[in-house]
Amino acid sequence: MRKPRVLFPFTEAGLGHIMPMRAIAAKFEELYGDKVEIIRSEFFQETGSEELKIFEKRLCDTVVKANNNPVFGFFMTLNMDFWGPRLDSWATMKYLKLGANEAAFEYMAKLQPDLVVSTHWATNYYARHIDPMPMTAMYCPDVEMNPLFCYPCDLAMVPTKTGYEKARKKYKKRFNDDNLKLVHHVIREEAFSVPDDRGLLRKKLGIDENKFTIMLAEGGYGVGTMKEICEEILSRDLPVTLIPVCGKNEELYKEFREIKHTGKCDFRPVGYTDQIFDYIAAADIFCGKSGSIFAEVCFFGVPQIATHYATNIEKHIGEYFITNVGSAEKIFNPEKVADKIEEYLADPSKLEPYRRAAQTRLRRSGAEESARYIFDLLCLRFPELKQNK
(Lines give C-alpha, C1' and ligand atoms only; values in the text may rest on other atoms or scores of the structure.)
Protein backbone atom coordinates (compact mmCIF):
# COMPACT_ATOMS: atom_id res chain seq x y z
CA MET A 1 0.00 0.00 0.00
CA ARG A 2 1.49 3.34 -1.04
CA LYS A 3 2.04 6.23 1.35
CA PRO A 4 -0.32 9.23 1.15
CA ARG A 5 0.86 11.50 -1.65
CA VAL A 6 1.26 15.22 -0.88
CA LEU A 7 1.68 17.53 -3.87
CA PHE A 8 3.42 20.92 -3.66
CA PRO A 9 2.84 22.60 -7.06
CA PHE A 10 4.92 25.75 -7.59
CA THR A 11 3.47 28.76 -9.37
CA GLU A 12 5.59 31.58 -10.83
CA ALA A 13 3.59 34.76 -10.23
CA GLY A 14 6.05 36.76 -8.17
CA LEU A 15 8.49 35.22 -5.71
CA GLY A 16 6.03 35.85 -2.89
CA HIS A 17 4.27 32.63 -3.89
CA ILE A 18 7.34 30.50 -4.55
CA MET A 19 9.37 31.25 -1.42
CA PRO A 20 6.74 30.25 1.17
CA MET A 21 5.99 27.11 -0.83
CA ARG A 22 9.66 26.13 -0.65
CA ALA A 23 9.68 26.77 3.08
CA ILE A 24 6.51 24.81 3.80
CA ALA A 25 7.56 21.89 1.58
CA ALA A 26 10.98 21.71 3.22
CA LYS A 27 9.59 21.81 6.77
CA PHE A 28 6.83 19.32 5.93
CA GLU A 29 9.38 16.90 4.51
CA GLU A 30 11.63 17.36 7.54
CA LEU A 31 8.79 16.55 9.93
CA TYR A 32 6.80 13.96 8.01
CA GLY A 33 8.89 12.78 5.05
CA ASP A 34 9.04 9.27 6.47
CA LYS A 35 5.25 9.00 6.59
CA VAL A 36 4.20 10.47 3.23
CA GLU A 37 5.33 10.70 -0.36
CA ILE A 38 6.18 14.31 -1.19
CA ILE A 39 6.00 15.62 -4.76
CA ARG A 40 7.45 19.01 -5.58
CA SER A 41 6.11 20.01 -8.97
CA GLU A 42 7.06 22.81 -11.37
CA PHE A 43 3.46 22.35 -12.36
CA PHE A 44 3.09 24.75 -15.28
CA GLN A 45 6.40 23.90 -16.95
CA GLU A 46 7.02 20.19 -16.55
CA THR A 47 3.96 18.99 -18.46
CA GLY A 48 5.19 20.47 -21.74
CA SER A 49 1.71 21.95 -22.26
CA GLU A 50 1.97 25.23 -24.15
CA GLU A 51 -1.36 26.32 -22.71
CA LEU A 52 -0.08 25.95 -19.14
CA LYS A 53 3.19 27.70 -19.96
CA ILE A 54 1.29 30.61 -21.47
CA PHE A 55 -1.08 30.72 -18.49
CA GLU A 56 1.82 31.01 -16.04
CA LYS A 57 3.54 33.63 -18.19
CA ARG A 58 0.35 35.69 -18.20
CA LEU A 59 0.28 35.51 -14.41
CA CYS A 60 3.81 36.95 -14.39
CA ASP A 61 2.95 39.55 -17.04
CA THR A 62 -0.02 40.68 -14.95
CA VAL A 63 2.28 41.28 -11.96
CA VAL A 64 4.69 43.33 -14.09
CA LYS A 65 1.84 45.26 -15.71
CA ALA A 66 0.36 46.13 -12.32
CA ASN A 67 3.72 47.44 -11.14
CA ASN A 68 4.21 49.52 -14.26
CA ASN A 69 0.61 50.75 -14.13
CA PRO A 70 -0.86 50.77 -10.59
CA VAL A 71 -4.20 52.04 -11.96
CA PHE A 72 -4.54 48.67 -13.70
CA GLY A 73 -3.40 46.86 -10.56
CA PHE A 74 -5.94 48.54 -8.31
CA PHE A 75 -8.73 48.08 -10.87
CA MET A 76 -7.89 44.38 -11.12
CA THR A 77 -8.01 43.80 -7.36
CA LEU A 78 -11.17 45.86 -6.93
CA ASN A 79 -12.79 43.65 -9.56
CA MET A 80 -11.89 40.60 -7.47
CA ASP A 81 -13.75 42.06 -4.49
CA PHE A 82 -16.76 42.92 -6.66
CA TRP A 83 -17.27 39.51 -8.28
CA GLY A 84 -16.35 37.32 -5.31
CA PRO A 85 -14.44 34.02 -4.98
CA ARG A 86 -16.42 31.63 -7.19
CA LEU A 87 -17.27 33.87 -10.14
CA ASP A 88 -13.89 35.57 -10.20
CA SER A 89 -12.07 32.23 -10.00
CA TRP A 90 -14.18 30.72 -12.77
CA ALA A 91 -13.65 33.68 -15.14
CA THR A 92 -9.93 34.01 -14.43
CA MET A 93 -9.17 30.34 -14.81
CA LYS A 94 -11.32 29.87 -17.91
CA TYR A 95 -10.34 32.91 -19.96
CA LEU A 96 -6.78 33.86 -18.96
CA LYS A 97 -5.70 31.16 -21.39
CA LEU A 98 -8.19 28.90 -23.19
CA GLY A 99 -7.26 25.25 -22.87
CA ALA A 100 -5.13 25.68 -19.74
CA ASN A 101 -7.81 24.33 -17.41
CA GLU A 102 -8.18 21.08 -19.32
CA ALA A 103 -4.40 20.53 -19.42
CA ALA A 104 -4.10 21.30 -15.71
CA PHE A 105 -6.95 19.00 -14.70
CA GLU A 106 -5.48 16.16 -16.73
CA TYR A 107 -1.98 16.51 -15.33
CA MET A 108 -3.01 16.98 -11.71
CA ALA A 109 -5.24 13.92 -11.90
CA LYS A 110 -2.31 11.98 -13.37
CA LEU A 111 -0.20 12.84 -10.29
CA GLN A 112 -2.89 11.23 -8.07
CA PRO A 113 -2.39 13.47 -5.04
CA ASP A 114 -4.15 12.79 -1.76
CA LEU A 115 -3.45 16.35 -0.62
CA VAL A 116 -2.53 19.44 -2.64
CA VAL A 117 -0.79 22.29 -0.83
CA SER A 118 -0.90 25.67 -2.57
CA THR A 119 0.49 29.14 -2.02
CA HIS A 120 -1.26 30.37 -5.15
CA TRP A 121 -4.99 30.14 -5.86
CA ALA A 122 -4.65 28.57 -9.33
CA THR A 123 -3.41 25.16 -8.21
CA ASN A 124 -6.04 25.00 -5.47
CA TYR A 125 -8.69 25.59 -8.15
CA TYR A 126 -7.34 22.75 -10.27
CA ALA A 127 -7.31 20.38 -7.30
CA ARG A 128 -10.98 21.12 -6.60
CA HIS A 129 -11.95 20.07 -10.13
CA ILE A 130 -10.37 16.65 -10.52
CA ASP A 131 -11.80 13.23 -9.73
CA PRO A 132 -11.15 11.89 -7.20
CA MET A 133 -10.84 15.25 -5.46
CA PRO A 134 -7.81 15.44 -3.14
CA MET A 135 -7.78 17.32 0.12
CA THR A 136 -6.59 20.90 -0.33
CA ALA A 137 -4.67 23.38 1.82
CA MET A 138 -3.73 26.96 0.99
CA TYR A 139 -1.30 29.35 2.65
CA CYS A 140 -2.01 32.97 1.73
CA PRO A 141 1.31 34.88 1.66
CA ASP A 142 -0.46 38.26 1.94
CA VAL A 143 -1.69 39.97 5.09
CA GLU A 144 -5.29 39.71 3.84
CA MET A 145 -6.99 37.06 1.76
CA ASN A 146 -8.11 38.33 -1.62
CA PRO A 147 -11.24 36.58 -2.99
CA LEU A 148 -9.27 34.09 -5.08
CA PHE A 149 -7.77 32.75 -1.84
CA CYS A 150 -11.29 32.39 -0.43
CA TYR A 151 -12.29 29.78 -3.01
CA PRO A 152 -13.28 26.51 -1.28
CA CYS A 153 -10.50 24.40 0.21
CA ASP A 154 -10.22 22.18 3.24
CA LEU A 155 -7.73 24.37 5.06
CA ALA A 156 -6.81 28.02 4.53
CA MET A 157 -4.05 29.75 6.48
CA VAL A 158 -3.33 33.47 6.79
CA PRO A 159 -0.42 35.04 8.71
CA THR A 160 -2.07 38.10 10.29
CA LYS A 161 -4.82 38.58 12.84
CA THR A 162 -6.38 41.37 10.75
CA GLY A 163 -6.51 39.09 7.70
CA TYR A 164 -8.02 36.29 9.74
CA GLU A 165 -10.69 38.50 11.30
CA LYS A 166 -11.65 40.15 7.98
CA ALA A 167 -12.02 36.79 6.25
CA ARG A 168 -14.20 35.42 9.05
CA LYS A 169 -16.37 38.54 9.00
CA LYS A 170 -16.72 38.84 5.22
CA TYR A 171 -17.18 35.13 4.42
CA LYS A 172 -19.14 33.87 7.43
CA LYS A 173 -20.50 30.82 5.61
CA ARG A 174 -17.15 29.94 4.04
CA PHE A 175 -14.83 30.00 7.05
CA ASN A 176 -14.99 28.51 10.53
CA ASP A 177 -12.61 27.53 13.33
CA ASP A 178 -11.60 24.35 11.55
CA ASN A 179 -10.94 25.49 7.98
CA LEU A 180 -9.25 28.86 8.59
CA LYS A 181 -6.15 29.12 10.76
CA LEU A 182 -4.10 32.08 11.92
CA VAL A 183 -0.42 31.16 11.50
CA HIS A 184 2.99 32.80 11.69
CA HIS A 185 4.45 34.38 8.56
CA VAL A 186 6.24 31.66 6.63
CA ILE A 187 9.92 32.54 6.51
CA ARG A 188 12.38 30.43 4.56
CA GLU A 189 14.41 28.05 6.70
CA GLU A 190 17.75 29.49 5.55
CA ALA A 191 16.89 32.78 7.24
CA PHE A 192 17.34 31.13 10.63
CA SER A 193 21.02 30.41 9.95
CA VAL A 194 21.97 34.00 9.06
CA PRO A 195 24.30 35.44 11.75
CA ASP A 196 22.97 38.20 13.99
CA ASP A 197 26.29 40.06 13.73
CA ARG A 198 25.74 42.87 11.21
CA GLY A 199 29.43 43.73 11.10
CA LEU A 200 30.32 40.13 10.27
CA LEU A 201 27.75 40.08 7.47
CA ARG A 202 29.03 43.33 5.99
CA LYS A 203 32.56 41.98 6.06
CA LYS A 204 31.34 38.85 4.27
CA LEU A 205 29.65 40.99 1.60
CA GLY A 206 32.71 43.20 1.22
CA ILE A 207 31.06 46.44 2.31
CA ASP A 208 32.05 49.07 4.87
CA GLU A 209 31.15 47.81 8.34
CA ASN A 210 30.52 51.32 9.67
CA LYS A 211 28.67 52.97 6.79
CA PHE A 212 24.88 53.42 6.84
CA THR A 213 23.55 50.71 4.53
CA ILE A 214 20.40 50.86 2.42
CA MET A 215 18.96 47.82 0.67
CA LEU A 216 16.35 48.30 -2.05
CA ALA A 217 14.15 45.72 -3.76
CA GLU A 218 11.01 45.78 -5.88
CA GLY A 219 9.99 42.13 -5.85
CA GLY A 220 11.36 39.39 -8.09
CA TYR A 221 10.84 41.43 -11.26
CA GLY A 222 12.54 44.61 -10.06
CA VAL A 223 9.77 46.90 -11.29
CA GLY A 224 9.02 50.05 -9.29
CA THR A 225 10.70 53.28 -8.16
CA MET A 226 14.06 51.77 -7.20
CA LYS A 227 15.85 53.32 -10.18
CA GLU A 228 14.63 56.84 -9.38
CA ILE A 229 15.52 56.48 -5.68
CA CYS A 230 19.04 55.29 -6.50
CA GLU A 231 19.54 58.12 -8.97
CA GLU A 232 18.44 60.65 -6.33
CA ILE A 233 20.75 59.27 -3.64
CA LEU A 234 23.64 59.09 -6.10
CA SER A 235 23.04 62.66 -7.25
CA ARG A 236 23.34 63.83 -3.63
CA ASP A 237 26.36 61.59 -3.08
CA LEU A 238 25.16 60.59 0.37
CA PRO A 239 27.73 58.77 2.56
CA VAL A 240 25.92 55.43 2.44
CA THR A 241 26.26 51.94 1.03
CA LEU A 242 23.49 51.65 -1.54
CA ILE A 243 22.47 48.10 -2.54
CA PRO A 244 19.66 47.77 -5.11
CA VAL A 245 18.69 44.12 -5.65
CA CYS A 246 17.29 43.91 -9.18
CA GLY A 247 16.00 40.34 -9.06
CA LYS A 248 15.08 39.08 -12.52
CA ASN A 249 15.17 42.56 -14.07
CA GLU A 250 18.38 41.97 -16.00
CA GLU A 251 17.97 45.18 -18.02
CA LEU A 252 17.94 47.33 -14.87
CA TYR A 253 20.87 45.41 -13.40
CA LYS A 254 22.89 45.98 -16.55
CA GLU A 255 22.03 49.68 -16.49
CA PHE A 256 23.11 49.96 -12.86
CA ARG A 257 26.35 48.09 -13.55
CA GLU A 258 27.26 50.69 -16.16
CA ILE A 259 27.07 53.51 -13.61
CA LYS A 260 30.62 54.42 -12.58
CA HIS A 261 30.09 56.40 -9.41
CA THR A 262 32.98 57.77 -7.41
CA GLY A 263 32.42 59.66 -4.20
CA LYS A 264 31.04 59.08 -0.72
CA CYS A 265 28.22 56.79 -1.88
CA ASP A 266 29.26 53.16 -2.31
CA PHE A 267 26.92 51.88 -5.04
CA ARG A 268 26.61 48.07 -5.08
CA PRO A 269 23.91 46.82 -7.50
CA VAL A 270 23.01 43.14 -7.23
CA GLY A 271 21.15 40.89 -9.69
CA TYR A 272 19.19 37.77 -8.81
CA THR A 273 20.91 36.37 -5.72
CA ASP A 274 20.73 33.53 -3.24
CA GLN A 275 22.29 35.84 -0.63
CA ILE A 276 19.16 37.95 -0.24
CA PHE A 277 18.99 37.36 3.52
CA ASP A 278 22.59 38.44 4.01
CA TYR A 279 21.84 41.73 2.27
CA ILE A 280 18.67 42.28 4.28
CA ALA A 281 20.29 41.50 7.63
CA ALA A 282 23.30 43.72 6.81
CA ALA A 283 21.09 46.76 6.11
CA ASP A 284 20.13 49.65 8.36
CA ILE A 285 16.96 50.23 6.36
CA PHE A 286 15.02 48.59 3.55
CA CYS A 287 13.34 50.59 0.77
CA GLY A 288 11.02 48.99 -1.74
CA LYS A 289 7.65 47.88 -3.00
CA SER A 290 5.25 46.65 -0.37
CA GLY A 291 5.02 42.87 -0.49
CA SER A 292 5.64 39.64 1.36
CA ILE A 293 9.33 40.54 1.61
CA PHE A 294 8.37 42.96 4.41
CA ALA A 295 7.82 39.97 6.71
CA GLU A 296 11.33 38.70 5.96
CA VAL A 297 12.80 42.17 6.47
CA CYS A 298 10.99 42.40 9.81
CA PHE A 299 12.34 38.98 10.73
CA PHE A 300 15.83 40.53 10.75
CA GLY A 301 14.72 43.59 12.70
CA VAL A 302 15.26 45.99 9.79
CA PRO A 303 12.93 49.02 9.36
CA GLN A 304 11.18 49.55 6.04
CA ILE A 305 10.12 52.37 3.76
CA ALA A 306 7.26 51.35 1.46
CA THR A 307 7.99 53.13 -1.82
CA HIS A 308 5.33 51.66 -4.10
CA TYR A 309 1.92 49.95 -4.08
CA ALA A 310 0.86 48.22 -7.30
CA THR A 311 -2.44 46.72 -6.08
CA ASN A 312 -4.85 46.78 -3.16
CA ILE A 313 -3.11 43.62 -1.95
CA GLU A 314 0.19 45.47 -1.65
CA LYS A 315 -1.55 48.47 -0.08
CA HIS A 316 -2.96 46.22 2.64
CA ILE A 317 0.50 44.73 3.27
CA GLY A 318 2.06 48.19 3.55
CA GLU A 319 -0.66 49.47 5.86
CA TYR A 320 -0.29 46.41 8.08
CA PHE A 321 3.43 46.95 8.65
CA ILE A 322 2.93 50.71 9.05
CA THR A 323 -0.04 50.59 11.42
CA ASN A 324 -0.12 47.17 13.10
CA VAL A 325 3.58 46.41 13.35
CA GLY A 326 4.97 49.95 13.36
CA SER A 327 8.16 48.98 11.54
CA ALA A 328 7.49 50.84 8.28
CA GLU A 329 6.58 54.21 6.80
CA LYS A 330 5.17 55.09 3.38
CA ILE A 331 7.09 57.47 1.09
CA PHE A 332 6.33 57.24 -2.62
CA ASN A 333 8.30 60.28 -3.81
CA PRO A 334 11.96 59.36 -4.57
CA GLU A 335 13.20 62.81 -3.52
CA LYS A 336 11.42 62.50 -0.19
CA VAL A 337 12.89 59.03 0.31
CA ALA A 338 16.34 60.59 -0.09
CA ASP A 339 15.31 63.39 2.30
CA LYS A 340 14.33 60.79 4.90
CA ILE A 341 17.66 58.98 4.48
CA GLU A 342 19.46 62.27 5.07
CA GLU A 343 17.34 62.81 8.17
CA TYR A 344 18.36 59.42 9.55
CA LEU A 345 22.00 60.06 8.73
CA ALA A 346 21.86 63.32 10.70
CA ASP A 347 20.03 61.73 13.63
CA PRO A 348 20.09 57.90 13.70
CA SER A 349 17.97 57.85 16.86
CA LYS A 350 14.92 58.72 14.74
CA LEU A 351 15.13 55.27 13.15
CA GLU A 352 15.10 53.44 16.47
CA PRO A 353 11.29 53.24 17.00
CA TYR A 354 10.94 51.48 13.65
CA ARG A 355 13.85 49.18 14.45
CA ARG A 356 12.40 48.24 17.84
CA ALA A 357 9.02 47.55 16.27
CA ALA A 358 10.62 45.27 13.68
CA GLN A 359 12.66 43.47 16.33
CA THR A 360 9.54 42.50 18.28
CA ARG A 361 8.83 40.07 15.42
CA LEU A 362 12.35 38.68 15.35
CA ARG A 363 12.45 34.87 15.29
CA ARG A 364 8.66 34.60 15.68
CA SER A 365 8.04 33.35 12.18
CA GLY A 366 8.48 30.13 10.29
CA ALA A 367 6.86 27.27 8.39
CA GLU A 368 6.54 24.69 11.16
CA GLU A 369 3.12 25.82 12.39
CA SER A 370 1.67 25.70 8.86
CA ALA A 371 3.26 22.29 8.21
CA ARG A 372 1.68 20.85 11.36
CA TYR A 373 -1.78 22.15 10.46
CA ILE A 374 -1.41 20.59 7.01
CA PHE A 375 -0.40 17.25 8.53
CA ASP A 376 -3.38 17.35 10.91
CA LEU A 377 -5.61 17.85 7.87
CA LEU A 378 -4.09 14.83 6.11
CA CYS A 379 -4.68 12.75 9.24
CA LEU A 380 -8.43 13.28 8.90
CA ARG A 381 -8.33 11.06 5.82
CA PHE A 382 -5.45 8.87 7.00
CA PRO A 383 -5.88 8.52 10.77
CA GLU A 384 -3.18 5.88 10.94
CA LEU A 385 -0.63 8.68 10.38
CA LYS A 386 -1.69 10.25 13.65
CA GLN A 387 -1.27 6.98 15.48
CA ASN A 388 2.32 6.73 14.26
CA LYS A 389 3.14 10.42 14.77
When you measure from the side chain of [X] to the backbone of [Y], do you find a donor-acceptor pair of N or O atoms at a distance under 3.5 Å?
X    : Y    : result
Y373 : L155 : no
K53  : T47  : no
N124 : W121 : no
T160 : V143 : yes

Neighbour count >12 (heavy atoms, 6.0 Å) for atom [atom1], [X]:
X    : atom1 : result
Q275 : CD    : yes
K211 : NZ    : yes
R381 : CZ    : yes
E342 : CD    : yes

Rounded at 0.5 Å granularity, tell me how far [atom1] in [X] sits from [atom2] in [Y].
X    : Y    : atom1 : atom2 : value
L252 : E218 : CG    : CD    : 9.0 Å
L380 : L385 : CG    : CG    : 10.5 Å
M226 : M215 : CE    : CE    : 9.0 Å
T136 : L377 : OG1   : CG    : 7.5 Å
Y125 : M138 : OH    : CE    : 13.0 Å
S290 : K330 : OG    : NZ    : 10.5 Å

Going by the angle between their ring planes, with limits at 30° and 60°, are H185 and F321 parallel, tilted or perpendicular? tilted
Should the ring pair Y126 and F105 be called parallel, tilted or perpendicular, given that the plane angle runs from 0 to 90° and is split at 30 and 60? perpendicular
If only side-chain N and O atoms count, and only distance matters, is there a donor-acceptor pair under 3.5 Å linking T241 with R268? no
For the residue pair E46 and Y107, confirm or rule out a side-chain donor-acceptor distance under 3.5 Å. yes
Exercise: identify the closest heavy-atom pair between [X] and [Y]:
X    : Y    : value
S370 : Y139 : OG-CD1, 4.0 Å
D142 : N146 : OD2-ND2, 4.2 Å
A282 : R202 : O-NE, 2.8 Å
P239 : L345 : CD-CD1, 4.0 Å
Y354 : P303 : CB-CB, 3.6 Å
M21  : V117 : CE-O, 3.0 Å

Quick one: do D177 and R168 make a salt bridge, cutoff under 4.0 Å? yes
If you measure from the Lys or Arg side-chain nitrogens to the Asp or Glu carboxylate oxygens, is any gap between K340 and E343 under 4.0 Å? yes
Tell me whether [X] shares a hydrophobic cluster with [Y], the cluster being built from Ile, Leu, Val, Met, Phe, Trp, Tyr side chains joined at under 4.5 Å.
X    : Y    : value
L200 : Y279 : no
Y253 : L205 : no
L7   : M133 : no
I259 : L238 : yes

Report yes if some heavy atom in the side chain of [X] is under 4.5 Å from a heavy atom in the side chain of [Y]; otherwise report no.
X    : Y    : result
L216 : L242 : yes
P9   : V116 : yes
H261 : D237 : yes
F8   : R22  : no
V337 : E228 : no
F256 : K227 : yes
I285 : F212 : yes
T11  : F44  : yes

May I have the step-by-step check of side-chain contact (heavy atoms from CB on, under 4.5 Å) for F277 and F300, ending in yes or no? CA-CA 8 Å; F277 290 141; F300 292 106; 3.5 Å; yes
Decide yes or no on side-chain contact (heavy atoms from CB on, under 4.5 Å) for V186 and M19, but give the supporting numbers first. CA-CA 9 Å; V186 169; M19 297 311 180; over 6 Å; no
Assess whether side-chain contact (heavy atoms from CB on, under 4.5 Å) is satisfied between R236 and E335, documenting all intermediate values. CA-CA 10 Å; R236 301 186 190 194; E335 291 183 7; 4.0 Å; yes
With F286, the side chain to side chain contact (heavy atoms under 4.5 Å, CB included) member among T307, I214, I305, I293: I293
Think K336 forms a cation-pi with F332, using NZ or CZ under 6.0 Å from the six-ring centre and within 45 degrees of its axis? no
Among all residues two or more places apart in sequence or in another chain, which pass the ring-ring contact (aromatic ring centres under 6.0 Å, His included) test with Y164? none
Could you walk me through whether Y32 and R372 pass the side-chain contact (heavy atoms from CB on, under 4.5 Å) test, one step at a time? CA-CA 9 Å; Y32 310 114; R372 292 193 183 281; 3.3 Å; yes
Evaluate E30 against K27 for salt bridge (charged side-chain N to carboxylate O under 4.0 Å, His left out), listing each step before the verdict. CA-CA 5 Å; E30 176 190 327; K27 180 57 68 173; 3.2 Å; yes
Determine, step by step, whether K181 and E369 satisfy the salt bridge (charged side-chain N to carboxylate O under 4.0 Å, His left out) criterion, reporting the C-alpha distance in whole Å, the side-chain angles of both residues, the deciding distance to 0.1 Å, and the verdict. CA-CA 10 Å; K181 300 294 184 181; E369 186 179 28; over 6 Å; no
Between D154 and R128, is a salt bridge (charged side-chain N to carboxylate O under 4.0 Å, His left out) present by the stated rule, with each step listed? CA-CA 10 Å; D154 297 300; R128 303 293 296 190; 3.6 Å; yes
Among R5, R2, K3, whose salt bridge (charged side-chain N to carboxylate O under 4.0 Å, His left out) with D114 holds? R2
